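The figures that follow rest on heavy atoms only: side chains count, while hydrogens, waters and symmetry mates do not. Note that the structure is predicted; figures quoted are calculated from it, not measured. Each chain gets a letter, A, B and so on, in the order its sequence line appears, and its residues count up from 1.
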2 protein chains.
Amino acid sequence: MTTGRGRPRDAQIDAAVLQVTAEVLDQQGYRGVVIEDVARRAGVSKTAVYRRWPNRYRLTIAVLEDRLGRIGAPSTGCTLCDLHECLVLTTDAFCRLGAGTLAQLIAEGGDDPSAHQHLTEAVLDPPRQAVHRTLFEARERGDLRSEVDLPLVVDALSSLVFYRLLLGADPMSPEEIEAVVIALLRGIATDADALLREAAGHEEHQPQS
Amino acid sequence: MTTGRGRPRDAQIDAAVLQVTAEVLDQQGYRGVVIEDVARRAGVSKTAVYRRWPNRYRLTIAVLEDRLGRIGAPSTGCTLCDLHECLVLTTDAFCRLGAGTLAQLIAEGGDDPSAHQHLTEAVLDPPRQAVHRTLFEARERGDLRSEVDLPLVVDALSSLVFYRLLLGADPMSPEEIEAVVIALLRGIATDADALLREAAGHEEHQPQS
DNA sequence: ATGAATACGAAACGTACCGTAGCGTAAAAG
DNA sequence: CTTTTACGCTACGGTACGTTTCGTATTCAT
């Protein structure tokens, strides 16, 4: 490892395994990620897989890192629009991942604290931080009261998206997201009505609905 | 089953198994609920367990039904106090259950829709409905704007408790719950300031802090 | 060129836990 | 006293994990 001795790893194996894992994940969720099957479908030996990732959990996380690495955080200066956009993107990202898979990953991480941390860093934090950044900018701009507990508000918004996907009948719709953001903004903004007026001016979002 | 023919079931077995399962659940979470072990610790055969519950998931749910069946919903007429109390109770109930266990149960239910339904009815809905009832009474009383989407607000509050337990560094503190309730109330109350004043009068809660 | 180090595939293995089935015995109803 | 059901014991088949062994291939270092 330190010196470049010995036969080098075949990069195509990494690629093939990640690829197959991603497919399986989409089709059958985390349950479907069975190392032996993945290896066969990738035309690779089980040994080769375990040489790269210590277990199926970490293999899965590796796939998700690629996918959810960055949530593009918008920054138009319109607090309501930005927040809304941010949460819609988060919802989409999680939806694509799938409720069952997400639940299973969290459950798996429950035992091993380092596993939980990996999941958090790779999957959960990115969208959270996008929301945080958005709120931070809003506060810098003077849109929010200075005493607001930012992390708590971030939790309040993220959690909803999360919860609805995991346990609700269906995930959050853009309309519901908007309703919640507006309600919450009334509680934490210096001048909520001004923010609403500003957002009304930017209503070139979706002319439909 | 229909006629009372044959040897009757030993009620002590039911009790012993439920008891042991509850203990194991507290000590080692859902993972620890291994039928063979539970049976041995209860001094009972594996067969006897499977005769009563079809699988370990349902056995676990049966235990939780006893525990979380009812969350006592307060109804003092003070919207803020009631909500606060309600959420604190919910947090406590979930905390006792444990983050890992909760995650694993949700994950398990991900596949089987009927399993998911059982979990929802036995564990997730009771606290939700307590919050819902509280909000409903508040609206009846005229404390909330009439156009408020009640289920959505219920989700917003429940989700936070839930999310923080599952993924946060630590579960919600009473202070944080209060902060969120106040912020949200500003967004959905007809006269939030009046509610805050009323709550201030009821401050015999915890003289500490 | 030769040897150490590492990767690859194939196969078998050990472990854990699931849920089921057969069998002999015990306890109730008719 | 026969039928029905419960109970315990034991064994089984199944799935998936992650590990190990072994023979072969590939690369670097000397």
Side-chain angles (χ1 to χ4, degrees), chain A residues 1-18 20-21 24-25 27-62 100-101 104-105 107-112 114-115, chain B residues 1-18 20-21 24-25 27-62 100-101 104-105 107-112 114-115:
Chain A
M1 187 56 99
T2 51
T3 74
R5 278 267 271 254
R7 178 174 174 175
R9 296 232 175 127
D10 185 344
Q12 292 194 348
I13 292 184
D14 292 75
V17 172
L18 286 172
V20 169
T21 305
V24 171
L25 215 46
Q27 293 163 10
Q28 313 170 26
Y30 182 59
R31 281 281 167 79
V33 179
V34 174
I35 302 284
E36 199 149 344
D37 296 354
V38 169
R40 197 180 331 110
R41 276 183 57 172
V44 157
S45 78
K46 208 162 94 172
T47 324
V49 176
Y50 277 109
R51 189 174 295 116
R52 283 150 230 262
W53 301 276
N55 50 48
R56 73 188 194 125
Y57 182 78
R58 295 293 290 275
L59 167 59
T60 305
I61 296 293
T101 296
Q104 286 155 20
L105 288 175
E108 192 99 8
D111 301 337
D112 178 8
S114 100
Chain B
M1 185 59 98
T2 51
T3 74
R5 279 265 271 251
R7 177 174 174 173
R9 295 230 176 129
D10 185 345
Q12 292 194 349
I13 293 185
D14 291 79
V17 172
L18 286 173
V20 169
T21 305
V24 171
L25 215 47
Q27 293 163 12
Q28 312 171 26
Y30 183 59
R31 282 279 169 80
V33 180
V34 175
I35 303 283
E36 198 148 344
D37 296 354
V38 168
R40 196 178 333 110
R41 276 183 56 171
V44 157
S45 78
K46 208 163 97 174
T47 323
V49 176
Y50 276 108
R51 189 173 296 116
R52 284 150 228 262
W53 300 276
N55 50 48
R56 72 188 193 125
Y57 182 79
R58 295 294 289 274
L59 167 59
T60 305
I61 296 293
T101 296
Q104 286 157 20
L105 289 175
E108 192 99 8
D111 301 337
D112 178 7
S114 99

dA10(C) base / T47(A) side chain donor-acceptor hit below 3.5 Å: yes
Polar side-chain contact K46(B)-dG19(C) base: donor and acceptor under 3.5 Å: yes
N or O in side chain of [X] less than 4.0 angstrom from [N] OP1/OP2:
X	N	result
R9(B)	dA6(D)	yes
R52(A)	dC8(C)	yes
R51(A)	dC8(C)	yes
R56(A)	dC17(D)	yes

Whole Å only: how far is the [atom1] atom of [X] from the [atom2] atom of [N]?
X	N	atom1	atom2	value
L59(B)	dC18(C)	CG	C1'	14 Å
R7(B)	dC1(D)	CZ	C1'	18 Å
E36(A)	dG14(D)	CD	P	16 Å
R40(A)	dA10(C)	CZ	C1'	13 Å
R5(A)	dT2(C)	CZ	P	17 Å
Y57(B)	dC17(C)	OH	C1'	19 Å
Q12(B)	dA27(C)	CD	P	13 Å
D10(A)	dT6(C)	CG	P	18 Å

Nearest-nucleotide 5' precedence on DNA chain D, V44(B) against N55(A): V44(B)
Residue closer to the 5' end of DNA chain D, P54(A) versus R31(A) (nearest nucleotide): R31(A)
Residues K46(A), R40(A); criterion side-chain contact (heavy atoms from CB on, under 4.5 Å); working and verdict: CA-CA 8 Å; K46(A) 208 162 94 172; R40(A) 197 180 331 110; over 6 Å; no
Row check, Y30(B) ring normal vs R56(B) NZ/CZ: under 6.0 Å, within 45°: yes
Salt-bridge contact D14(A)-R52(A) (side-chain N to carboxylate O under 4.0 Å): yes
Backbone of R31(B) reached by a side-chain donor or acceptor of Q104(B) within 3.5 Å: yes
Touch class at under 4.0 angstrom, heavy-atom based, for V33(B) against every strand present: sugar-phosphate
Chi angles and distances behind the side-chain contact (heavy atoms from CB on, under 4.5 Å) call for L25(A), T60(A): CA-CA 8 Å; L25(A) 215 46; T60(A) 305; 3.7 Å; yes
Given dC7(D), dG19(C), dT19(D), the nucleotide with the shortest approach to the side chain of Y50(B): dG19(C)
